[in-house]
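Everything quoted here is computed from the prediction, not taken from an experiment.
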Amino acid sequence: MAFAEHLTSPAFKENAKGALADPQLQSALHGVETGVVDRRRATVEKLPEFQALRDSARDIKNHTLAHLDLYLEQFEQKCTAAGGNVHYAVTAEEARALVLDICRKANAKLVTKGKSMVGEEIAINDFLEQNGIAPIETDLGEYLVQIRHELPSHIIMPAIHLTKEQIEADFRRVHTHLPADRNLEEHQTLLTEARTVLRERFLAADVGITGANFLVAETGTSIIVTNEGNGDLTQTLPRVHIVLASIEKVVPTLEDMSQLLRVLARSATAQEMSVYTTLSTGPRRPGDPDGPNEYHVIILDNGRTAMLGGQFREMLRCIRCGACMNHCPVYAAVGGHTYGWVYPGPMGAVLTPSIVGIENAGHLPNASTFCGRCEEVCPVKIPLPKLMRYWREREFEKNLQPATIRNGLAFWAWFAQRPRLYRIATSLAMFGMGLAGKFFGRFRWLPLAGSWTRHRDFPAPHVQTFQAQWKRGVRTR
């Protein structure tokens, strides 16, 4: 498994313990809910038709997925007619081989990259370096995690886990060719530092690699949305432009794309529209002032066809906005690296097992309170809690959970199938705990609840079960 070097999803629990004990990380994560969430809410409230747009976005994606083969064929035809080249890769290995072949034919030594989650998924940077080609991330957040040899911790804000002090220290460590006494204490000077270094790379690059937010079947166009303009420089200055996209990125028409854009930026960064929305259709034409001589689109499957025909089809509606992780209390507590691979948060809890296998990512669907906030804010209405529940069922069917959990669930199921016995047992338990609670107030330890009481007290329950109170007609606000 080519991505095993970076995959730490099996160690989710250990990762989470480390994240919770990391004061710098906790400080950095504080801005997720206090900033992004509030701004998104305010932006959405300014658009009365936002909920109707979510319905429209969902329907567009559902229609496309139902006819995906036809739209992929149409995209290939239109892209080829515009002078582009379309390549299909079933696996990550095939995608990497295609990128390397294109780079070698171009005699590339330096490759600039715009932000691409598919690029992270296939570990293209490591692969190019192993083959003597230097990849340089040009998105500021991606550049920061690259010089730290880390994966992004968020699909929209890759370096959200870093503080300003950490960024300053990394720049002083890596940019040793620049004056040592430069000012790196302000946000603007940090940006200037990155711009100074990256501008040289833009001008020297032989090949530019970008992702794609959408592929438009109607015109053979790839679209990227950015806030820094690095994507434009990456795809117009080098001689060769490579687009990395997965099969579900295709949409039928430019009108469909414009509808999706109206929910994308609002959900991702609380903007009405990203600063740059760039459409590319083929290589440079006669008379064009800039653009690449070659234009290649590599369309990756990597397990998505299996999703298309199964329970997880709805996950393929995802437009990578990151809203689900911004609103997830688990993500806000432990950050993206805890999830152990490219895709964190609720969307990663569904997508990662689909790609790497539930055997390697079984903890992720369990890392959820099922509060439903992720589904509530998803711009294409993906039922993420339902899909995570499907993975929990798969995990249980494969006997991947610890024996204590499986036996505990079996014991509970035995009681649940015997309602009278269940009511008697729970009534006795609640009565006993309720009486004890009158003396102790809260429980600092309970049998079979060590994972809870290790970190917090357990509140004493009412002396009667909810069912008993309901039967008696007790109503509380």
Any idea which heavy atoms bring [X] and [Y] closest together, and the distance?
X      : Y      : value
Ala95  : Leu300 : CB-CD1, 4.0 Å
Ile155 : Cys321 : CD1-N, 4.3 Å
Lys113 : Pro135 : CD-CB, 4.5 Å
Lys46  : Pro48  : O-CD, 3.4 Å

Determine whether [X] and [Y] make a side-chain contact, defined as any pair of heavy atoms from C-beta on separated by less than 4.5 Å.
X      : Y      : answer
Thr64  : Pro252 : yes
Ile355 : Tyr343 : yes
Lys249 : Asn213 : no

[X] [atom1] to [Y] [atom2] distance, which is reported to the nearest 0.5 Å:
X      : Y      : atom1 : atom2 : result
Arg96  : Gln130 : CZ    : CD    : 8.5 Å
His363 : Thr352 : NE2   : OG1   : 13.5 Å
Met315 : Lys386 : CE    : NZ    : 12.5 Å
Leu98  : Leu244 : CG    : CG    : 9.5 Å
Leu264 : Arg320 : CG    : CZ    : 11.5 Å

Run the salt bridge (charged side-chain N to carboxylate O under 4.0 Å, His left out) test against Arg54 and tell me which residues pass, sequence neighbours left out. none
Quick one: list whatever passes side-chain hydrogen bond (donor to acceptor under 3.5 Å, both in side chains) with Arg317, sequence neighbours left out. Asn62
By side-chain hydrogen bond (donor to acceptor under 3.5 Å, both in side chains), Ser27 pairs with (sequence neighbours left out) none
